[in-house]
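To keep things clear, I will list the structure first and then write my remarks on it.
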Amino acid sequence: MIFFEILRVAMDAIRANKLRSFLTMLGIVIGVGAVITMVALGEGAQQQVENQIESLGTNVLTVRPGQGMFRGVRGGSNARLTTEDVEAVTQGAPALLEVAPEMQGQLQVQVGRNNASVRILGTTPNYAEVENHTVQLGRFFDESENRGRRRVAVLGGAVPAVLNTDAAELVGRSISIRNISFEVVGVLEEKGGSGWFNQDEQILVPLETAQFRLLGTDRVNQFKVVVESEAAIPVAMVQIEDILRREHRLPLGRENDFWISDSVQFLEMQQETTQTFTMLLAGIAAVSLLVGGIGIMNIMLVSVTERTKEIGVRKALGATRNAVLLQFLLEATTLCMTGGVLGVAFAYGAAEMLSRSAGWTMAIAPEAIGLAVVFAAAVGVFFGLWPARRAARLDPIVALRYE
């Protein structure tokens, strides 16, 4: 009964200064909301990476050109992968099921009066299968069109919007890529992208068409290979490494001038990066919680000074030191807990706004909500303890004579 009486007195003191109590809570609201929102941003980025890896598959390897050695110094642009390397790997690595090279370039594309700079990707007909792409309209180009260097193109799902044209109208129509006419034979479904690269904003053309008609090079930016299962990845990596070292005439003891990575390694690297990024953002946001806690301590100290005579009356009527301590501690904790709950609501609103306006993937974790609210309560106890102890130690005679 004594506890509930003290709690009622504490609530009455908070309600007596509604505006000041709200402004005091505002720092906690912003702090809790910022922490939860930043953690949700990091979790959303991690989920997006995991979804992309899952859509690609865990039995896919990516081979990229690395840095070569020039006069004993690592660097330079002499490291390269060519279509001959791709052909050698395709013919000489029995552990591989599919090989899909990628030859890229940023070129000007025009449809009628609309034009835009679009990524052009030269690849083989099995690219859609390797990347798990689905054709939305029309079809994908075939091997005969690749070997015949036909001027056909398959558009990424977002390319029609980039060119301000309806997707259905583009199928069967001619577009101009670097002033060369190409027939659009299909449009892919959108898969989504993150960061600076969106795989839906690219145009796919046959590899040999890109090599001899558009880009004029035999260099490939990378090629992806599919193996039978995740267990076969180590064998496939050894086979690819042996073939490429032989093709690049690398002597024994010299490092590879290419990189071979699998989806699991990429996922682990991305997870570590996003976790570090999330912790950094959450740490920065947590500073506002500390600032809010300092604000609460400041207000509570002011409140103790203002209510010195009230404290003296209560102690003269029999209130113990612990009762006064508990009252002011409850006031500080209530302010922080209420601010924490409002901060959770603020975080949900901010996450929804960022998701709709910026298109970011946001994932609010229950653990983040619980941690933020508990931390807010801890802030209330920590920063409210000193003002509460100061109030509890006041001499009743001195407090009654205070003006």
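Computation of the quantities below employed the complete heavy-atom set of this structure, encompassing side-chain atoms and omitting hydrogens, waters and symmetry-equivalent molecules.
- For the pair Thr83/Glu87, no side-chain contact is recorded, criterion being any heavy-atom separation below 4.5 Å from C-beta on.
- Taking each heavy atom of Val187 and Gly156 in turn, the nearest pair found is CG1-O, 4.2 Å.
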Begin from the C-alpha positions of Lys224 and Glu102 and carry the test side-chain contact (heavy atoms from CB on, under 4.5 Å) through to its verdict.
-> CA-CA 8 Å; Lys224 294 181 179 178; Glu102 299 179 14; 3.6 Å; yes
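- The backbone N or O of Gly112 lies less than 3.5 Å from a partner atom in the side chain of Gln110, making a donor-acceptor pair.
- In this structure the side chain of Val109 reaches within 4.5 angstrom of the side chain of Ile203, judged on heavy atoms.
- Across all their heavy atoms, Ala210 and Gly122 have their closest contact at CB-CA, 3.7 Å.
- When the shell of 6.0 Å around CZ of Arg139 is examined, it contains more than 12 heavy atoms from other residues, nucleotides or ligands.
- Judged purely by atom type and a 3.5 angstrom limit, Gln202 uses its side chain to pair as donor or acceptor with the backbone of Gln199.
- Distance alone, capped at 3.5 Å, places no donor-acceptor pair between the Thr209 side chain and the Arg151 backbone.
- Heavy-atom neighbours of Glu84 CD from other residues, nucleotides or ligands within 6.0 Å: at or below the threshold of 12.
- You'll find the side chain of Ile240 reaches within 4.5 Å of the side chain of Leu61, heavy atoms only.
- The nearest pair of heavy atoms linking Arg173 to Thr165 is NH1-CG2, 3.9 Å.
- Proximity of Leu215 to Leu107: side-chain heavy atoms (C-beta onward) are separated by under 4.5 Å at one or more points.
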Begin from the C-alpha positions of Leu335 and Ser21 and carry the test side-chain contact (heavy atoms from CB on, under 4.5 Å) through to its verdict.
-> CA-CA 7 Å; Leu335 288 173; Ser21 298; 3.9 Å; yes
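- Side-chain atoms of Val205 and Leu121, non-hydrogen and from C-beta on, never get closer than 4.5 Å to each other.
- Expressed to the nearest 0.5 Å, how far CG of Asn322 lies from CD of Gln327 amounts to 13.0 Å.
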Criterion side-chain contact (heavy atoms from CB on, under 4.5 Å) on Thr338 and Phe22, from CA distance to verdict | CA-CA 10 Å; Thr338 306; Phe22 173 74; over 6 Å; no
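- A salt bridge links Asp218 to Arg80: at least one charged side-chain nitrogen sits closer than 4.0 Å to a carboxylate oxygen.
- For the pair Gln136 (side chain) and Leu188 (backbone), a donor-acceptor distance under 3.5 Å is present.
- Taking each heavy atom of Gly33 and Ala347 in turn, the nearest pair found is O-CB, 3.7 Å.
- Contact check for Val135 versus Val154: no side-chain heavy atoms found under the 4.5 Å cut-off.
- The closest donor-acceptor contact from the side chain of Asp166 to the backbone of Ala168 lies under 3.5 Å.
- Under the 4.0 Å criterion applied to side-chain N and carboxylate O atoms, Glu241 and Arg246 are not assigned as salt-bridge partners.
- Ala93 and Ile243 make their closest contact through N-CD1, 3.7 Å (heavy atoms, listed as atom of the first residue, atom of the second, distance).
- At distances below 3.5 Å, at least one donor-acceptor pair connects side-chain atoms of Arg245 with backbone N or O atoms of Pro251.
- Asn146 and Glu208 share no donor-acceptor pair across their side chains, judged by distance under 3.5 Å alone.
- Judged by distance alone, the side chain of Asp257 and the main-chain N or O of Gly66 form no donor-acceptor pair under 3.5 Å.
- Side chains of Glu228 and Asn59: a donor-acceptor N/O pair is absent below 3.5 angstrom, by distance only.
- The environment of Phe382 atom CZ is sparse: at most 12 non-hydrogen atoms of other residues, nucleotides or ligands sit within 6.0 angstrom.
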Output, in order, the C-alpha distance, side-chain angles, deciding distance and verdict of side-chain contact (heavy atoms from CB on, under 4.5 Å) for Val159 and Asp200.
-> CA-CA 7 Å; Val159 172; Asp200 296 321; over 6 Å; no
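- Contact of the Phe223 side chain with the Val99 side chain is registered, since non-hydrogen atoms from C-beta on lie closer than 4.5 Å.
- In this structure, the separation between CZ on Arg219 and CG on Leu81 is 9.5 Å, given to the nearest 0.5 Å.
- Judged purely by distance below 3.5 Å, without hydrogens or angles, the side chains of His248 and Asp85 pair a donor atom with an acceptor atom.
- In summary, the side chains of Arg178 and Gln108 do not present any donor paired with an acceptor at a separation below 3.5 Å, with no hydrogens or angles considered.
- To the nearest 0.5 Å, atoms CG (Leu204) and CD1 (Ile120) are separated by 9.0 Å.
- To the nearest 0.5 Å, atom CG of residue Asp142 and atom OG1 of residue Thr124 are 12.0 Å apart.
- Remark: Arg149 is positioned above the aromatic ring of Phe212, its terminal NZ or CZ atom under 6.0 angstrom from the ring centre and at most 45 degrees off the axis.
- Taking the side chain as every heavy atom from C-beta outward, Leu170 and Leu155 approach each other to under 4.5 Å.
- Aromatic ring orientation, Tyr127 versus His133: parallel (interplanar angle below 30°, classes split at 30° and 60°).
- To the nearest 0.5 angstrom, Thr134 atom OG1 is 11.5 Å from Phe140 atom CZ.
- Pairing each heavy atom of Ala236 with each of Val227, the nearest pair is CB-CG1, 3.4 Å.
- No donor-acceptor pair under 3.5 Å is formed between the side chain of Glu131 and the backbone N or O of Ala128.
- Checking side-chain atoms of Asn126 against main-chain N and O of Glu129 turns up no donor-acceptor pair under 3.5 Å.
- Using modelled atom types, one side-chain atom of Gln239 and one backbone atom of Ala95 make a donor-acceptor pair closer than 3.5 Å.
- Side-chain polar atoms of Asn221 and Arg64 form no donor-acceptor pair below 3.5 angstrom.
- Rounded to the nearest 0.5 angstrom, Phe258 CZ and Leu244 CG are separated by 4.5 Å.
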